[in-house]
Structure formats: structure tokens, C-alpha cells
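Structure first, then comments.
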2 protein chains.
Amino acid sequence: MSGIRAKQKQKTRRLLIEAAMNQLSAEHGYASLSLREVAREAGIAPTSFYRHFQNMEELGLSLVDEGGLALRQLLRQSRLQIARGGSIIRSSVTTFMSFVANQTPIFRLLLQEKSGNSRAFRLAVQREVDHFTAELVDYLVAEQHYSHELAELQANAIVRIVFGAGADAIDAAEDERQRLTEHTIAQVRMVARGADATRQLGKTTK
Amino acid sequence: MSGIRAKQKQKTRRLLIEAAMNQLSAEHGYASLSLREVAREAGIAPTSFYRHFQNMEELGLSLVDEGGLALRQLLRQSRLQIARGGSIIRSSVTTFMSFVANQTPIFRLLLQEKSGNSRAFRLAVQREVDHFTAELVDYLVAEQHYSHELAELQANAIVRIVFGAGADAIDAAEDERQRLTEHTIAQVRMVARGADATRQLGKTTK
DNA sequence: TATTTTAGCGAACACGTGTACGCTCAATAT
DNA sequence: ATATTGAGCGTACACGTGTTCGCTAAAATA
């Protein structure tokens with residue numbers, strides 16, 4: 001039970017996943033991904049694909065999982081910067097935009113499959129976005145003492161704005177992306193002020 | 001020059017467009033749209049397709065245009081309700097959500113091709129979204145007297161929130177969609193309050 | 001050492017795809 | 001009345017697709 005065989009299997013599984021990622025580009029999305037081409041790039045015969053995944057869909061879902069994992073790593077990194085002091089909003093938005101810039105194919109996949117044609121994919125992506133939102137809600141409740149309801153409203157709005165900006169950033173050039181980032185930071189701050197105003201409104205009305 | 005021939009041509013052109021729309025569903029998106037199937041549903045031979053469109057892409061761009069037109073009609077309808085009194089935010093969000101519910105395949109198309117794999121499509125959709133945003137900016141500047149800069153920030157944020165909500169509404173059941181609508185209205189109001197607070201902030205700082 | 005398991009391969013199948021070509025025949029133009 | 005145009009059709013082609021089946025050879029197990 002040395003596992004030399006199992007190691008090799010996971011290795012070519014990785015090759016398949018990376019080959020699939022390579023083939024995801026601006027012009028060539030998951031929908032038009034071909035088992036044969038993926039296998040070719042991974043250096044195995046088309047039929048051998050089935051030793052690792054039952055479907056192309058199963059491969060795709062693995063890609064989504066990888067993307068979600070990368071996204072959560074991004075969140076942790078962002079929180080580290082916060083602990084060291086500095087604006088939580090700026091550091092979060094900035095690292096998010098870096099993610100979009102550096103992991104473009106994965107972000108594009110998440111974005112496309114969020115409203116894609118496979119229910120399984122939509123659910124998988126939504127799950128990742130919900131993680132994102134939930135952690136933001138936790139922060140708003142714990143650190144900023146918002147009510148749960150108001151925190152949810154605010155977090156959801158922020159996630160929508162940031163993801164929308166990410167979508168626009170995909171095609172943008174470096175300087176344009178910079179502009180977009182500042183724009184987004186200002187918008188998130190605007191939402192925060194609005195949530196604060198809403199909170200005060202509730203207090204005085206009561 | 002009675003035009004009986006030209007009429008017939010536009011008629012089957014419509015048939016093609018409608019056939020394509022019919023084939024757009026939750027499971028079957030534009031990417032996996034087949035010339036042959038579209039032609040079959042329209043009741044013409046596959047080869048006759050080329051009498052009307054050079055490409056499938058040309059057909060698709062026509063679909064986007066149709067979607068954009070429907071969206072602008074929605075905006076006009078929304079503005080009518082405002083003129084008759086009532087909250088501009090509520091009526092706008094409500095009619096938008098109705099659009100999502102009633103014209104689901106078209107909205108899905110817009111949503112998917114916004115981050116889709118054809119540059120031409122992305123640009124076409126972005127053009128429609130920009131229309132949407134620009135009209136909102138005009139309103140904010142003219143009726144609410146925001147500065148152009150602040151109005152743009154605010155309008156962009158609102159569009160992102162509303163489109164994001166629309167995306168989530170696609171899969172939602174009727175009651176869930178109701179909840180989403182109220183949620184969204186509250187979020188847009190929150191942004192409005194935030195923009196207002198930002199404006200006051202600018203005034204006192206100066 | 002003998003046996004079983006299994007990652008990977010090659011051949012083959014059935015199918016759907018986009019599209020080029022040349023034809024028909026009714027609507028238009030002359 | 002005659003000539004031209006053009007929407008629509010049928011045939012045919014070359015190609016890429018997902019997937020099945022039986023095989024090999026190396027690793028794991030007994």
C-alpha cells in the first residue's frame with residue numbers, strides 16, 4: 001500500500017483540471033468545453049477521462065469548488081490586512097479586484113455559471129456567494145453592532161456591488177480597473193453610510 | 001413593388017427569432033443553440049437560414065436588441081407610474097421584477113451574455129445597461145439635484161443591486177420573488193440615504 | 001510467487017453539427 | 001410577355017462530439 005498508484009491518479013486528475021482551466025478563456029467558455037480537447041491537453045486518451053470523472057459536469061463542479069476555495073483564501077488574506085490596521089473596505093475591495101485580475105478564468109467561470117444553464121452549477125456558485133455574504137454579515141454584527149436584519153441587507157447589497165464591479169473589471173485594462181476599484185470603494189462606503197442612516201432612523205422613530 | 005415578398009421575408013425572420021427565443025430555457029442557453037433546430041422549429045430548411053442571417057451570432061445579437069428594446073419599454077412604463085404619483089423606487093423595482101418574471105428567457109440571455117464568451121455580445125449588453133444607468137443619472141441630477149459625479153456613483157450602485165436581484169429572482173418562486181423585491185427596495189433606499197449623507201458630508205466639509 | 005485490481009489505450013459507432021452547391025418557381029422588373 | 005431576382009429546398013460532405021468495449025501492463029494484494 002505504498003500509494004504510488006494513487007499518487008499518480010491524483011496527479012493526472014490535476015492535469016485534467018488544469019487543462020480545463022487553460023481552455024477557459026474570453027472566447028471559449030465552459031459550455032463549449034470538449035472532453036476530447038481537455039484529455040488531449042492533459043496528455044491522456046479521451047476514454048481515460050472516465051477513470052477520473054463521470055461527466056464533464058463533474059469536472060466543472062470541481063472547477064467551481066476550486067474557485068470557491070481560492071475566494072475564501074482571498075477573504076482570509078483580506079482579514080489579515082484588517083487586523084494590521086487600515087480600512088476594511090479598501091483592503092477587501094482591493095484584494096477582491098486582484099483576485100479578478102489574477103484568476104480571471106476562474107472568476108469568469110463563477111460569474112457565468114451563476115446564471116448558467118445547469119442547476120447544479122447555479123447552486124454550487126450560489127453556495128460560494130452565500131459564504132461570502134455570511135462572513136460579511138458576521139463582521140457587521142460583531143464589529144459594527146448592526147442588527148442582523150440590517151446587516152443582511154447591507155452585506156447583500158455590498159456583495160452585489162462588488163461582484164458587479166468584478167464583472168466589469170474582467171474586460172478592463174489596468175488603469176480602468178484602478179478607476180473601477182476606487183469607484184467601488186466609494187460605493188461601498190456610500191452603502192455603509194446609508195445603513196448607518198437607516199439605523200439612526202429606526203432609533204429615533206422608536 | 002407591392003412588397004408581398006418583403007413582407008413574407010420579415011415574417012419568417014420573425015419566426016426564426018421567436019423559434020430561437022423558445023429554445024432558450026433554463027437548461028439550454030444561447031451557446032448551445034443549434035442552427036438546425038432553430039430552422040426546424042421555424043419550419044424552414046437549415047440552409048434557408050442564411051437568407052436571413054449570416055451567422056448564429058447575428059441572430060443572437062438581434063435577440064439582445066429585442067431584449068434591450070423591451071427593457072426600455074419597461075423604463076417608460078415605470079416613468080408613467082411615477083408621473084401618476086407614488087414612490088419612484090418602488091415602482092421602478094417592481095416593474096423591473098415583473099420584466100424578469102414575464103420575459104425570463106430574454107433577461108436570462110442579457111444576463112448570460114453580459115459576461116459571455118463573445119465580445120460583440122458583451123458590448124451589446126453593456127450598451128443596454130449603460131442606457132439604463134444613464135437615464136437614472138439624468139433623473140437624479142434633474143429631479144434630486146445631485147452632482148453629476150455623485151449621481152453616477154449612486155446610479156451605478158443601484159443598477160448593480162437591481163440586476164443582481166433580478167438574477168436571483170430568475171430561479172425564485174412567486175413568494176420568494178416578492179420577498180426579494182421588498183429586500184431590493186429597502187437596499188435601494190439605503191443607497192439613496194447613503195448618497196444623501198455623502199452629499200451633506202461634502203457640504204459641511206467645504 | 002500467484003492473483004487480482006485498475007489507469008490508460010485504440011478502435012469503432014452513431015450522431016449532430018455548419019455550410020457549399022445547384023435547383024425550383026413565384027414575385028418583381030423591364 | 002419576357003427576363004431577372006431571390007426565398008426556400010434537398011443533397012452531400014467533412015468534421016468533432018460523447019461514449020462503449022475489450023485489451024495491456026503495472027501496481028497492489030494475498
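Separating the CD1 atom of A/I44 from the C1' atom of D/dT24 is a distance of 17 Å, rounded to the nearest angstrom. Taking atom CD of A/Q23 as the reference point, atom C1' of D/dT17 lies 14 Å away to the nearest angstrom. Taking atom CG of residue A/N55 and atom P of nucleotide D/dT20, one finds them 10 Å apart after rounding to whole Å. To the nearest angstrom, P of D/dT17 lies 10 Å from CE of A/M56. A straight line from CD of B/E57 to C1' of C/dT19 spans 17 Å, rounded to a whole angstrom. In this structure, A/F53 atom CZ and C/dG8 atom C1' are separated by 15 Å, rounded to whole Å. Regarding B/E37, its CD atom lies at a distance of 9 Å from the P atom of C/dG16, rounded to whole Å. Atom OH in B/Y50 sits about 5 Å away from atom C1' in C/dT19, given to the nearest Å.
Under 4.0 angstrom from either OP1 or OP2 of C/dG10 there lies no side-chain N or O belonging to A/T47. Side-chain N/O atoms of A/S48 include one lying less than 4.0 angstrom from OP1 or OP2 on C/dC9.
No side-chain donor from either of B/N156 and B/E152 sits under 3.5 Å from a side-chain acceptor of the other. For the residue pair B/S118/A/E27, the side-chain donor-acceptor check at 3.5 Å is not satisfied.
Pairs passing the salt bridge (Lys or Arg N to Asp or Glu O under 4.0 Å) check and including a residue from residues 93-116 of chain B, sequence neighbours excluded, read A/D168-B/K114.
The 5' end of DNA chain D is approached more closely, in terms of each residue's nearest nucleotide, by B/K9 than by the other of B/K9 and A/R40. Comparing A/R36 and A/H52 along DNA chain C, the residue whose closest nucleotide (by nearest heavy atom) sits nearer the 5' end is A/H52. Positionally, the nearest nucleotide of DNA chain C for A/Q8 lies more toward the 5' end than for the other of B/P46 and A/Q8.
Here C/dG8 is the nucleotide among C/dA26, C/dG8, D/dG18 with the atom lying nearest to any side-chain atom of A/T12. Picking from C/dG8, D/dA28, D/dT17 the nucleotide with the shortest atom distance to the side chain of A/S34 gives D/dT17. Nearest to the side-chain atoms of B/I4 among the listed nucleotides D/dT19, C/dC9, C/dA27 stands C/dA27. Of the candidate nucleotides C/dA7, D/dG6, C/dA12, C/dA7 has the atom nearest to the side chain of A/R5.
Ring orientation note: the planes of B/F107 and B/F163 are tilted relative to one another, at an angle of 30° to 60°. The aromatic rings of B/Y30 and B/F121 are tilted relative to each other, their planes meeting at an angle between 30° and 60°.
Two end axes, each from the C1' atoms of five base pairs, can be drawn for the helix from C/dT1-D/dA30 to C/dT30-D/dA1; they diverge by 20°, to 10 degrees.
Applying the salt bridge (Lys or Arg N to Asp or Glu O under 4.0 Å) criterion to B/R199, with sequence neighbours excluded, gives B/D196.
In the interface, the side chain of B/R51 is not paired with the base of D/dG6 through any donor and acceptor atom under 3.5 Å apart.
For the salt bridge (charged side-chain N to carboxylate O under 4.0 Å, His left out) test with A/E66, the passing option among A/R72, A/R13, A/R14 is A/R14; the others fail.
Counting non-hydrogen atoms of neighbouring residues, nucleotides and ligands closer than 6.0 angstrom, the CD atom of A/Q10 reaches no more than 12 such neighbours.
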